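Residue numbers count from 1 along this sequence. Just so it is clear, the model here is predicted, and its values are computed rather than measured.
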Amino acid sequence: MFQFLCKTLLHSRNGSTVAPHNSSMVVSFSLRYLSCDSDNPHSFTLSYLTKTCGLSPKSAHSASKTLQFESSEQPDSVISSFEKFGFSKIQISEMIRKFPKMLCCDPEKTISPKLEFFRSRGASTPDLVTIFTTYPWIFKISLENRLIGSFNLLIDLLQSEYKAIELIKRNARVLTNNLEVVLIPNINTLRENGVPASSILLLIHANWVSIATNPVKFRKIVEEVKEMGFNPLKSQFVLAIRTLTGLSKSKRDEKVAIYKRWGWSDEDIVTAFKRYPSILSISEDKLMAMVDFYVNKLGLHYSVIVSCPPLLGYSLRKRLIPRGAVIEFLLSKGLVKLNSSITSLFTCSERHFLEKYVKCHEEAPRLIQLYNRKLNLSHTRKSGEDEE
């Protein structure tokens, strides 16, 4: 077989013979060629990652830069340990794609003990799958030096193993923080300012990252929220903190500039923020779409939005456009007035909207048809965007 390959390499496609004076080079090349798949660890790793782990060629190539296998023994043992805990091949593949070095972990010392720990604290198999497929980097964290202490601290705060598991499912990164250093000082700051335990828990559940902020920065934000006039006893106090901790100064200035372009004063912005802190979290594209809809299409004065800022939080396609079409019809018939009370048509539930503003009119069949057509159009556009 080897001689046949050497002879083949000595012939060109048109049948002419290559001069044999350099046959030693041909033999050397042949040996390297024959060994590339069987002896090359990089080639074996790529094959294993694609065929056994189910990674795409692109993901496998990226992963192979950080790990090499000469045999399947080590990665097979890792995969087997996950299968014993009820993970599917797809779920294991997802973890490997995110954290390829996981295949180099010792199943008995690194993987199984962590899975066993969470299971012993009430985590079901679906819980384990959610936590570790979302954030497999947990396997890098020491069980004894970090995970156990962090988990116990969460239980103390939440007064429930179940709630601690639920929090970790939503944001497993909580376990990467040194909670004693980051969390406790910020909780103490809230307590010093009179924030009740229920609001602290709300902040922890609503956005863990906001309370895991640098303690110095966190204290400054708390002071700023107090200066704006927020009441520490109300939930809006911690919701304002959540918003501000998630914004850099530049992003915050950008959002403020947008509102000012609409004609809002600094006082308007603060007033709206106190009523609905999320106004500073809305993307610029959505803000511009909202002002176009409310001000340019419906003709509402910006002061109406200042008085009811949750209007900015609704879905343009799923709520505002379908209801806006009905409202425009009612306005044209003089059945509603364009004033501040018109906001109730957007803020009420769909059932209330249909009963009070659609089905009660003689034109109800036409209004229902108009409303449903706009709803269907919004779903069609959304599906098209998803396909893209």
Side-chain angles (χ1 to χ4, degrees), residues 82 85-87 91 94-95 98 111-215 217-219 221-222 225 230-246 277-278 281 313:
F82 282 112
F85 279 87
F87 286 71
Q91 292 158 353
E94 176 65 10
M95 288 189 291
K98 292 180 177 179
I111 294 176
S112 294
K114 291 183 174 67
L115 295 172
E116 286 287 4
F117 169 74
F118 283 101
R119 175 176 283 179
S120 70
R121 307 310 292 267
S124 63
T125 295
D127 292 337
L128 293 176
V129 168
T130 298
I131 292 169
F132 287 94
T133 56
T134 302
Y135 198 75
W137 296 274
I138 293 176
F139 291 113
K140 295 196 302 182
I141 304 171
S142 170
L143 178 62
E144 292 76 14
N145 298 333
R146 178 64 60 83
L147 293 181
I148 294 176
S150 295
F151 190 86
N152 289 336
L153 183 56
L154 290 178
I155 293 175
D156 290 341
L157 288 172
L158 303 175
Q159 296 298 302
S160 166
E161 285 187 346
Y162 171 79
K163 290 181 180 179
I165 291 292
E166 290 299 304
L167 174 60
I168 295 168
K169 283 166 60 178
R170 289 198 302 273
N171 192 344
R173 294 190 185 205
V174 62
L175 297 172
T176 66
N177 294 285
N178 188 332
L179 302 186
E180 292 285 350
V181 173
V182 177
L183 179 66
I184 299 303
N186 292 342
I187 288 179
N188 288 338
T189 295
L190 294 174
R191 287 171 175 167
E192 290 167 7
N193 285 276
V195 179
S198 58
S199 292
I200 295 175
L201 293 178
L202 173 63
L203 182 58
I204 291 173
H205 282 295
N207 189 342
W208 170 260
V209 177
S210 61
I211 201 169
T213 302
N214 176 280
K217 176 185 176 182
F218 188 83
R219 183 174 288 274
I221 289 175
V222 171
V225 170
F230 282 87
N231 184 347
L233 297 176
K234 303 292 185 181
S235 61
Q236 290 292 87
F237 187 88
V238 293
L239 295 179
I241 292 172
R242 179 190 66 177
T243 298
L244 295 183
T245 53
S278 293
S281 300

> If every non-hydrogen atom of Thr125 is compared with every non-hydrogen atom of Arg119, which pair is closest and at what distance?
Replying inline: OG1-NH2, 3.8 Å
> Are Pro136 and Glu94 side-chain neighbours, meaning at least one heavy-atom pair lies under 4.5 Å?
Replying inline: no
> Distance from Glu161 atom CD to Ser120 atom OG, nearest 0.5 Å?
Replying inline: 8.0 Å
>> Quick check on Lys234: does its NZ atom have over 12 non-hydrogen neighbours (other residues, nucleotides or ligands) under 6.0 Å away?
In response: no
> Under a 4.5 Å cut-off applied to non-hydrogen side-chain atoms, are Tyr135 and Leu175 in contact?
Replying inline: no
> When rounded to the nearest 0.5 angstrom, what is the spacing between CD1 in Ile200 and CZ in Arg191?
Replying inline: 5.5 Å
> Has the side chain of Thr134 got a donor or acceptor atom that lies under 3.5 Å from a matching backbone atom of Ile131?
Replying inline: no
>> Working note: Ile241 + Val222, criterion side chain to side chain contact (heavy atoms under 4.5 Å, CB included); need CA distance, chi angles, decisive distance, verdict.
In response: CA-CA 7 Å; Ile241 292 172; Val222 171; 3.8 Å; yes
> So, are Glu166 and Lys163 salt-bridged, with charged N and O less than 4.0 Å apart?
Replying inline: no
> Would a distance-only check, ignoring hydrogens and angles, find a side-chain to backbone donor-acceptor pair under 3.5 Å from Thr213 to Ser210?
Replying inline: yes
>> Please evaluate residues Leu179 and Leu154 with respect to the criterion side chain to side chain contact (heavy atoms under 4.5 Å, CB included), reporting the C-alpha separation (whole Å), side-chain torsions for both, the decisive distance (0.1 Å), and the verdict.
In response: CA-CA 9 Å; Leu179 302 186; Leu154 290 178; 4.2 Å; yes
>> Is it true that, when you exclude Arg121 itself, more than 12 heavy atoms of the residues, nucleotides or ligands shown sit nearer than 6.0 Å to its CZ?
In response: yes
> Roughly how far apart are Leu201 CG and Ile187 CD1, rounded to 0.5 Å?
Replying inline: 8.5 Å
>> Just verifying a value: how many Å separate Thr243 OG1 and Gln236 CD, rounded to the nearest 0.5 Å?
In response: 9.0 Å
> Which atom names give the shortest non-hydrogen contact between Gly194 and Leu233, and what distance separates them?
Replying inline: O-CD2, 3.4 Å
>> For Thr189, is there any backbone N or O sitting under 3.5 Å from a side-chain donor or acceptor partner on Asn193?
In response: yes
>> A side-chain contact here means heavy atoms from C-beta on lying under 4.5 Å apart; do Ile211 and Leu190 qualify?
In response: yes
> Which atoms form the tightest heavy-atom contact between Phe237 and Asn231, and what is the distance?
Replying inline: CB-O, 3.3 Å
>> Any donor-acceptor pair under 3.5 Å linking the side-chain atoms of Arg219 with those of Asn188?
In response: no
> Do Thr130 and Asp127 get their side chains close enough for a donor-acceptor pair, meaning under 3.5 Å?
Replying inline: no
>> Keeping Arg146 on the side-chain end and Thr176 on the backbone end, is there a donor-acceptor pair under 3.5 Å?
In response: yes
>> Would Phe82 and Phe132 count as a ring pair (Phe, Tyr, Trp, His ring centres under 6.0 Å) here? Give the steps.
In response: CA-CA 10 Å; Phe82 282 112; Phe132 287 94; 7.6 Å; no
> What's the spacing between Lys169 NZ and Leu128 CG if we round to 0.5 Å?
Replying inline: 10.0 Å
